[in-house]
Amino acid sequence: MKGYVEKNLRKNEKVVAKCHVTWIAFVPIIVRALLIIALGWLLAYVFAETFIELQDLASGDIEFWASETYGMMSAIATIIVVTGHVVGIGFAIIPILKLINIELVVTDKKIIGKTGVIYSNAIDAYLEKIDNLAIDESLWGRIFKYSTITIGTASTMLKFPYMQNAVEFKNKVMDCYDARKTSLMTEQAVLIREQTAAAEQSGTAEPAGQPVPAEPAGQPAPAEADVQSVTPGITEIPETTDNTDDRA
């Protein structure tokens with residue numbers, strides 16, 4: 001059965017690094033389960049001893065051990081023990097399943113991760129969309145070599161506890177980010193160069209096969225028109241001849 005990471009890998013996408021949960025995370029869960037089971041046995045023993053004392057009967061009394069009262073006491077003690085086992089195992093199964101189902105990988109393009117069993121939280125983001133990648137290390141984490149990795153994007157903030165080799169994983173993420181950034185810049189430069197070359201070819205090409213229009217023949221040249229120059233602001237007054245005879 002494919003996990004969350006395998007289902008979300010794209011074509012030609014490769015897993016570069018994978019982060020695992022440390023074994024130390026299971027120790028407190030198992031110890032707590034064993035303590036609950038032991039507590040069940042202890043409660044059953046205390047109940048049986050108290051019940052016998054309240055009956056004020058000797059442990060060797062055959063009539064008591066064969067009576068219905070003993071059978072009821074044994075049934076109650078058994079229920080206490082079984083309840084201790086169920087509670088202890090139940091408190092162990094859920095955290096163990098949560099730890100087993102934690103997935104966190106970095107590919108050559110994205111970071112993919114998931115936490116939770118029934119209600120799961122997941123992240124599937126390209127490297128250039130990652131806003132924050134932090135490592136939190138407690139005192140016990142320094143001793144047993146585990147950390148909590150926090151990954152954040154513009155819309156998601158997800159924590160991955162008990163992760164081994166967190167620093168190495170972060171370095172792998174940074175290396176993949178640098179490689180992807182260089183690849184994207186190279187692809188963009190090639191695209192711009194191709195678009196520029198195509199634009200230059202379409203701009204410099206002249207349409208061929210179109211005849212040059214000839215000037216119309218057989219038309220006389222237009223006659224020159226008489227032009228009178230007039231000085232602006234001055235009106236020419238035509239000269240008049242006085243034909244009246246001078247009379248004395």
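Here, residue 1 is the first one in the sequence, and each next residue gets the next number. Excluded from the calculations below are hydrogen atoms, water molecules and symmetry mates; all remaining heavy atoms, backbone and side chain alike, are included.
- Around atom CD1 of I118, no more than 12 heavy atoms belonging to other residues, nucleotides or ligands sit under 6.0 Å away.
- Put simply, the side chain of V5 does not reach to within 4.5 Å of the side chain of K18, judged on heavy atoms.
- To the nearest 0.5 Å, the span separating CD1 on I130 from CD1 on I123 amounts to 4.5 Å.
- For F91, the CZ atom is loosely surrounded, since the number of other residues' heavy atoms within 6.0 Å does not exceed 12.
- Exactly one of V117, T115, V21 qualifies for a side chain to side chain contact (heavy atoms under 4.5 Å, CB included) with L99. That residue is V21.
- Summarising the geometry, atom CG belonging to D124 is positioned 9.5 Å from atom CZ belonging to R10; distances are rounded to the nearest 0.5 Å.
- Partner of I111 under the side chain to side chain contact (heavy atoms under 4.5 Å, CB included) criterion, chosen from L158, V105, L133: L133.
- Using a 30° and 60° split on the angle between ring planes, Y162 and Y146 fall in the tilted class, from 30° to 60°.
- Once rounded to the nearest 0.5 Å, the distance linking CE of M185 with NZ of K181 reads 6.5 Å.
- Contact annotation: the side chain of V82 never approaches that of I79 to less than 4.5 Å [non-hydrogen atoms, C-beta and beyond].
- Between D108 and E13, the closest side-chain pair of non-hydrogen atoms falls below 4.5 Å.
- Judged purely by atom type and a 3.5 angstrom limit, E200 has no side-chain atom pairing as donor or acceptor with the backbone of A197.
- In this structure, OG1 in T153 is found 14.0 Å from OH in Y126, a value given to the nearest 0.5 Å.
- A 6.0 Å sphere centred on CD1 of I94 holds no more than 12 heavy atoms belonging to other residues, nucleotides or ligands.
- With values rounded to the nearest 0.5 angstrom, S183 atom OG is found 9.0 Å from K109 atom NZ.
- Interatomic distance, T107 OG1 to N12 CG, rounded to the nearest 0.5 Å: 12.0 Å.
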